[in-house]
Amino acid sequence: MNSLTDTILKMMDTTQELEDYKGEDGLLYCGKCHKPKEAYFPQGKALFGRDRHPSECDCRRAERERQEKKDADEMHNVEVERLKQEGFSNPDMRQWTFANDNGKYPQIGKAYSYVEKWEMVRSENLGYLLWGNVGSGKSYFAGCIANALMEKEIPVCMTNFATILNNLFYGSENRNEYIIRLCSYPLLILDDFGMERGTEYGLEQVYNVIDSQYISKKPLIATTNLTPEQLRNPEDVPHARIYGRLLEMCVPVRFTGGDFRKVTAQQKMERLKKLMDR
Ligand SMILES: [Zn+2]
């Protein structure tokens, strides 16, 4: 009992700094901000023989708020890190951010508005089908959305079917549980869709993942080298089921223009040529 009283009394102590002083009301004042560091209990009441309790002066409050913000920022960073560790099947995807965008993809505005209007696209279950040739920036676009949402602590899974099939066949996790987990993300992004070779089992799993997302009314973003025309004219029934769902859930966005990977390689080559000409 005594130790409890001691603890409470300790909590009721006010730390006095050198510059602090007693005010006319008998309370301790902060020598820096000149606000009281103590307050009387209301109506002259007392607790454990004390008539006063500690109170925050302006500097103490500012310090507490700074510390609270620092703690919250740290917790936020830990959470974002966890989401990115879990959500990206390839660590390179972490670099595909708005911050790293150098303005070479004209479609990027649509990625910004997707993030801005997330609540709306989430509730209306709207996704994108990003289509176009290799290296036109589709995956980068999708990665920007994923990173930006995760930075708002919204879980996103960005993966591709090669990884999904690999995990289904060789992963340690139960297959059903794995699919349930994949579909637990508010947003699923399937990169390089249509590249997977269609074994019957593989196609069935692909359909299961997309259909689960569809049934739970959650948006899906897919990137593909296939054209909407090819998606509308599938080779067989299993592909038709998959593409049908996809076209139902996703708004097509076309990525045209050159292969930016080639452009970058070309720019490097030209820089090198210039260097050699000197
Ligand atoms: Zn102060």
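Predicted, not measured: the structure shown is a model, and the values here were computed from it. In listed order, ligands and their atoms are each counted from 1.
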Quick check for you: within a radius under 2.8 Å, how many protein N, O or S atoms neighbour the Zn ion (ligand 1)?
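Protein heteroatoms (N, O, S) closer than 2.8 Å to the Zn ion (ligand 1) number 4.
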Asp191 and Ser139: side chain to side chain donor-acceptor pair (under 3.5 Å), yes or no, with the steps?
CA-CA 6 Å; Asp191 197 22; Ser139 302; 2.7 Å; yes
For this output row, return yes or no: ring centroids of Phe141 and Tyr105 closer than 6.0 angstrom.
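Here the rings of Tyr105 and Phe141 have centres that are no less than 6.0 Å from each other.
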Can you sort out the partners of Tyr21 under ring-ring contact (aromatic ring centres under 6.0 Å, His included), two or more places apart, ordered by chain and number?
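Checked Tyr21 against ring-ring contact (aromatic ring centres under 6.0 Å, His included); matches are Tyr29, His34.
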Leu220 versus Leu190, closest heavy-atom pair with distance:
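Shortest heavy-atom contact: CD1-CD1, 3.8 Å.
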Can you confirm whether Lys110 is buried at NZ, in the sense that more than 12 heavy atoms of other residues, nucleotides or ligands lie under 6.0 Å from that atom?
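No.
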Whether over 12 other heavy atoms sit under 6.0 Å from Lys22 NZ:
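Enclosed: over 12 neighbouring heavy atoms sit under 6.0 Å from NZ of Lys22.
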